[in-house]
Amino acid sequence: MTTFPIDKIRADFPILSEKIRGKDLVYLDNAASCQKPEAVIECMNHVYRHDYANIHRGVHTLSVRSTDKYEAARDKVRAFINAASVKEIIFVRGTTEAINLVAQTYGKANIKAGDEIVITAMEHHSNIVPWQMLCEQTGAVLKVAPMNQQGELIYDAFETLLNNKTKLVAVVHMSNALGTINPVKKIIDAAHALNIPVLLDGAQAIPHMPVDVQELNCDFYVFSGHKLYGPSGIGVLYGKQALLEAMPPYQGGGDMIRTVTFEKSTYAGLPHKFEAGTPAIAEVIGLGAAIDYLNDIGMTNIAAYEAELLDYATEQAKQIDGLKLIGEAQEKGAILSFILNKIHPHDIGTMLDSLGIAIRGGHHCAMPVMEFYGVPATARASFAMYNTKQEIDVLMEGIKSLIKVFG
Amino acid sequence: MFEDLRDLYQEVIFDHNRNPRNFRIIENADRKVDGFNPLCGDRLTLYLKMDGDRIADASFQGSGCAISTASVSLMTEIIKDKTEAEAEALFKTFHEMTTGKSEDIQLEAVGKLAVLAGVREYPARVKCATLAWHTLDAALKNQHEAVSTE
């Protein structure tokens, strides 16, 4: 803890010195989106000022420079999650698009009427709805593995859902509404024993822990750039090369073709087959800068620092009368979801905002999780590597004060 | 500590949130409409008992934030004994007051609903205050489908 360079990190994020309603900003809505370090902001600024042109198109200097930086970022992503090849790194708009891509290409090609897709009770809507749409299109059936009151997957119940009709398991690595970290290695091994491929929704997990897709042996891993201190509008689909090669393209257009005639087109190889049209060039390069920044700090160090923050916040929260934590999994990332007796999360959100504290109140795009706990919404404080114990103190004081006001 | 919020969270709002008025079911209601704010999960059911074109009784059930609870509670009080046309006019005035479309709203015209005028400074919360009224609007038009703010 003493070695974690928190002061330097905070100084690297310009927005953290903003005043909100006259107060110091305490930004605790990181599960929705993270703030950006100077390195990312400056990198994108530099791209547009000095390097920008369309990629893979021209022989001119800027196009070459832009292409080189874009492809260099792909290799940074590859190394960050330890994928075997850059061919396995597909740039998409975000986690949501990545899951829809897998559902509409891999899913449509391999999943038929009567087949089953297994998800869990704690999925984000983006890992529910694309599969429901696929099921409607194909006649496949969506199976939901249950969780317990702590917000943990009931693993045995999950395993009994796997059978020879199961064609895909799609599981959240870390829950955005509860913070639960799922036993993904165990899930993957169990699914693979029955030759079932596994997709991991890594949107929440990726900024909080080291991820090694080869060690996990997952078949697909998807995440968004904006939750990884990078730009919005960019995300990553990792897929094992053999699977991606066998999949039909997602969208047709420029950049994803080899040859086009009016009779027939042939498609480009990986990864370009899945990147039709001009991509988010500066955003990809900006994501590369975010990864460089995180590598300098070290994901293991970040995970250790955030674990201390979560322990501290949990301990403090439990001392507040009338506060109930939602999600108390043993394995948990830096998210504190809670409800207060008779105070709606939106009132909590507005009250805390007046103190400069940004939290989220709502269903967190996980309505089934809210239904499970019988609440319309929760308040959620979600932490990032730039948060501090002092900020948690400010949050807890704010909560205590608003409880008094509501009386 | 929450000085900045005094315009939004007035004592009347806390009072109606703690003790909502007309929080009950009208068994033989002539109109019954559900209102839902999918963004925050506020849900209410509005009941009206009509006497000709006059609202003889109004009540609600449901759960929501302090702003939406106070808004619907105040609304059920104020629309009682109003004609449909008067209630519609009140809806329009309330809507203008909370969305800030008109600069010179006569706060006297809305009576104690004026305590909700503060939401115009909080765009994220306007729907909390207007959900009840959109639901009433649907009830007055005799629509039965659930009202959603989205």
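A, B, ... follow the sequence lines: proteins, then strands. Residue 1 opens every chain. Quick note: numbers below take in every heavy atom, side chains included, and nothing from hydrogens, waters or symmetry partners.
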Over 12 non-hydrogen atoms of neighbours within 6.0 angstrom of [atom1] in [X]:
X: Asn142(B); atom1: CG; answer: yes
X: Gln143(B); atom1: CD; answer: yes
X: Lys80(B); atom1: NZ; answer: yes
X: Arg93(A); atom1: CZ; answer: no

Please assess His344(A) against Asn17(B) for the test side chain to side chain contact (heavy atoms under 4.5 Å, CB included), listing each intermediate value before the final yes or no.
CA-CA 10 Å; His344(A) 191 279; Asn17(B) 183 51; over 6 Å; no
Counting heavy-atom pairs under 4.5 angstrom with chain B, the leader among Asp353(A), Val375(A), Ile343(A), Val405(A) is Val405(A)
With respect to chain B, which residue among Met367(A), His363(A), Glu397(A) yields the maximal number of heavy-atom pairs within a distance under 4.5 Å?
His363(A)
For Met351(A) against Phe14(B), the heavy-atom pair lying closest together:
CE-CZ, 4.0 Å
Heavy-atom pair of closest approach, residues Ser354(A) and Leu5(B):
OG-CD1, 3.4 Å
Heavy-atom distance under 4.5 Å to chain A: side chain of Arg43(B), backbone, both or neither?
neither
In Å and rounded to the nearest 0.5 Å, what is the [atom1] to [atom2] distance from [X] to [Y]?
X: Glu3(B); Y: Arg21(A); atom1: CD; atom2: CZ; result: 13.0 Å
X: Thr350(A); Y: Ile67(B); atom1: OG1; atom2: CD1; result: 7.0 Å
X: Asp347(A); Y: Arg125(B); atom1: CG; atom2: CZ; result: 4.5 Å
X: Thr69(B); Y: Lys342(A); atom1: OG1; atom2: NZ; result: 12.0 Å

Need one label for Met370(A): side chain, backbone, both or neither, based on atoms under 4.5 Å from any heavy atom in chain B.
neither
Is a side-chain N or O of His346(A) found less than 3.5 angstrom from the main chain of Cys128(B), in a donor-acceptor match?
no
Side-chain contact test, heavy atoms from C-beta onward, threshold under 4.5 Å: evaluate it for Leu402(A) versus Phe2(B) and give yes or no.
yes
